[in-house]
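For reference, the structure discussed in these notes is given below.
Letters A, B, ... are given to chains in the order of the sequence lines, protein chains preceding strands, and every chain is numbered from 1.
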Amino acid sequence: MKPQKIVMDWLDSRLGVSELLHQQLGGYKLPRNINIWYTLGAVIMALFGLQFLTGILLLVYYVPDTEKAFASVTAIMNEVPFGWLFRYLHVVCSNLIIVALLLHMLSVLYMGSYKRPRELTWVSGFTLLNLGLAFCLTGYLLPWSQLSFWATTVATDAAGAIPIVGEYLVSYMRGGPSVGAATLGRFFALHVLVLPLALMGLAGFHLFCVRRNGISQAPFGKDYRPRKPSAEFVHEEHHDGIPFYPNYTSKELAVIFFALAVLVFITFYAPWLFIPADALEPADPFSTPEHIKPEWYFLWAYQTLKIFPSKLLGLGVQVAAMTFIALLPFIDRGLERRPGKRPLFLTCYLLGLLIFVGISFWGHYS
Amino acid sequence: MNRHLVGWMALFILLFWFGPALAEDSVCIQCHGGLEGRLGQPVAEWKQSIHEENGITCHSCHGGDPTDFAMAMEPERGFVGVPGNEEIPAFCGRCHVGVREDYEESAHGMALASGGPQCVVCHGNHQVVKASIDLINPESCSRCHSYDRAEKVKEIISETEARLQSLESSVASLHRVGIDVKALGGELFSTRNAFRQLFHTVNVDKLQQQKSAFDADLDGIGEQVSAIEEELAQRKLIGGIIVVLLILAGCVALLIRKTYRREEESGN
């Protein structure tokens with residue numbers, strides 16, 4: 001008998017590994033009409049995995065000190081073997097993760113998969129999107145470039161519009177009246193420790209919810225009928241479905257490979273897409289660059305603050321919009337999930353998307 | 001220790017309060033910017049200049065106190081005002097030291113006392129733009145003398161000047177993709193300044209003798225730039241290969257998925 005089999009049998013007799021693997025892989029059935037949009041979760045996990053890996057490699061050489069941070073990033077880019085590759089992969093990947101998170105959220109919205117009994121899956125997923133944005137915001141400051149410094153100054157300044165506690169909040173986030181060494185220390189700790197831990201916990205909870213509820217059937221095809229909600233917990237079974245492994249994982253793997261191809265293409269051919277010229281100059285608190293703009297995924301928030309006559313109103317609208325999306329499953333309680341039979345939802349969905357894209361472009365060109 | 005601390009704090013406060021004021025809100029600009037005609041024109045012209053681009057503002061040349069309306073133009077605060085014709089080379093030469101030296105030794109500089117041209121005759125004053133070889137042209141030079149000698153100077157420096165500009169553009173492109181060009185850019189900057197300083201001598205023989213040394217310096221810089229560009233091209237080639245491999249791997253995974261789909265359909 002092969003030693004491999006001996007070890008497996010030994011483990012199996014004690015932990016029931018074969019049964020567990022069968023339950024979670026081959027025996028785990030997915031709906032037959034599952035589509036490509038369902039692969040985005042796996043893509044996001046793969047990209048986050050890559051971020052952890054490149055992040056650890058960057059961490060070896062990065063120095064979180066206002067006097068040394070920019071020089072350490074320059075050294076990573078120019079002296080450390082393949083340092084440029086790890087940094088560019090990290091930067092480009094962070095942007096692709098936001099794209100994938102947004103697409104994942106939009107597809108879940110469109111297919112109405114957020115509805116009962118998946119409220120917690122939705123809320124944890126939406127929080128994960130915000131966690132992704134927090135990763136980007138905190139990571140943005142670390143190179144201590146002109147862009148880092150001023151974009152963080154503008155972003156943290158927005159909280160000052162909140163009455164009474166605004167100034168305290170700004171000061172708390174920055175660790176002082178202005179962006180400085182204390183801000184860098186805080187953002188660094190958040191970026192490399194607090195947020196990764198929160199991400200692992202929340203992603204684990206999200207996956208638990210997905211697995212526990214079962215994959216929701218896509219609301220398309222002539223056989224689809226909305227399910228009636230049950231007062232008790234019911235796992236959505238798909239007895240005639242397709243095995244998760246290897247049938248669906250092969251599709252997930254294909255999409256992951258294509259996403260990595262996009263990542264590598266941008267990394268090697270157009271990394272400057274996500275690195276504006278101001279990101280190449282060291283931070284200078286006494287020289288404000290012209291036309292400082294946040295990253296593309298914060299442009300909507302940046303422009304909203306400018307549209308309204310007061311920052312407080314702009315901030316209020318942002319908070320209201322985000323709260324509405326977070327609590328959507330508790331507001332939209334109808335059973336129907338087919339987009340064609342939800343004209344009001346579809347109108348709001350398309351309008352919301354247009355407003356998001358429109359305001360972002362407006363922010364970019366303003 | 002405490003004295004040092006107070007000193008640093010004072011410096012910080014000065015920079016913090018006056019730094020931005022010097023750049024945009026100096027009293028010179030606040031006052032002259034709102035004036036019309038001769039007194040307001042310098043501000044509008046300066047705003048289009050290379051000096052403005054590099055943060056060189058009114059008081060950098062004219063002195064005075066840019067933070068105090070009452071004392072802004074007081075000689076006791078270092079206000080110089082408008083220099084006379086013969087004072088201009090020394091006025092500009094406070095910063096452009098090397099150029100001043102070569103200019104003073106040139107035919108232009110030696111003719112200064114008898115009304116010869118000084119800096120602003122060719123470069124302009126408040127609207128001074130980034131110097132280029134195009135400043136040497138028949139219209140400009142023929143205002144004072146025939147174009148023959150100037151044409152020879154331009155002919156000698158043209159090729160080197162074109163290489164300088166091409167290398168500057170290459171170094172800027174390398175900087176844009178994250179390459180550390182501090183040393184390379186510094187070397188190029190120094191060579192460019194020394195070369196431009198040299199042609200202020202307007203001495204054809206001297207230019208011909210010394211041009212080859214500059215060309216050799218530029219060859220060295222060019223080789224460094226080429227080596228980096230070659231490495232970047234190699235990176236792109238490797239990146240392209242990885243992209244193709246990933247797409248192929250994706251296609252293979254899709255084909256595998258297709259075989260499972262056939263099994264699923266036949267199972268029905």
Counting distance only, does the side-chain N/O of D180(B) pair as donor-acceptor with the main-chain N or O of N78(A) below 3.5 Å?
-> no
For E264(B), does its backbone N or O pair with a side-chain atom of R32(A) as donor and acceptor, under 3.5 Å?
-> yes
For each of A279(A), A75(A), S250(A), tally heavy-atom pairs with chain B at distances under 4.5 Å, and name the one with the top tally.
-> S250(A)
Measuring from atom [atom1] of [X] to atom [atom2] of [Y], what distance do you get when rounded to the nearest 0.5 angstrom?
X: L85(A); Y: I242(B); atom1: CG; atom2: CD1; answer: 7.0 Å
X: I256(B); Y: N247(A); atom1: CD1; atom2: CG; answer: 11.5 Å
X: L246(B); Y: L263(A); atom1: CG; atom2: CG; answer: 9.0 Å

Looking at [X], I'd like to know if its [atom1] atom is crowded, meaning that more than 12 non-hydrogen atoms belonging to other residues, nucleotides or ligands lie closer than 6.0 Å.
X: K258(B); atom1: NZ; answer: no
X: E237(A); atom1: CD; answer: yes
X: W37(A); atom1: CH2; answer: no
X: Y245(A); atom1: OH; answer: no
X: F220(A); atom1: CZ; answer: yes
X: E167(A); atom1: CD; answer: no

If you count heavy-atom pairs under 4.5 Å between each of H175(B), R235(B), K236(B) and chain A, which one has the most?
-> R235(B)
Test side chain to side chain contact (heavy atoms under 4.5 Å, CB included) applied to I247(B) and F257(A), step by step | CA-CA 7 Å; I247(B) 292 173; F257(A) 278 131; over 6 Å; no
With a 4.5 angstrom heavy-atom cut-off, which part of P285(A) approaches chain B: side chain, backbone, both or neither?
-> neither
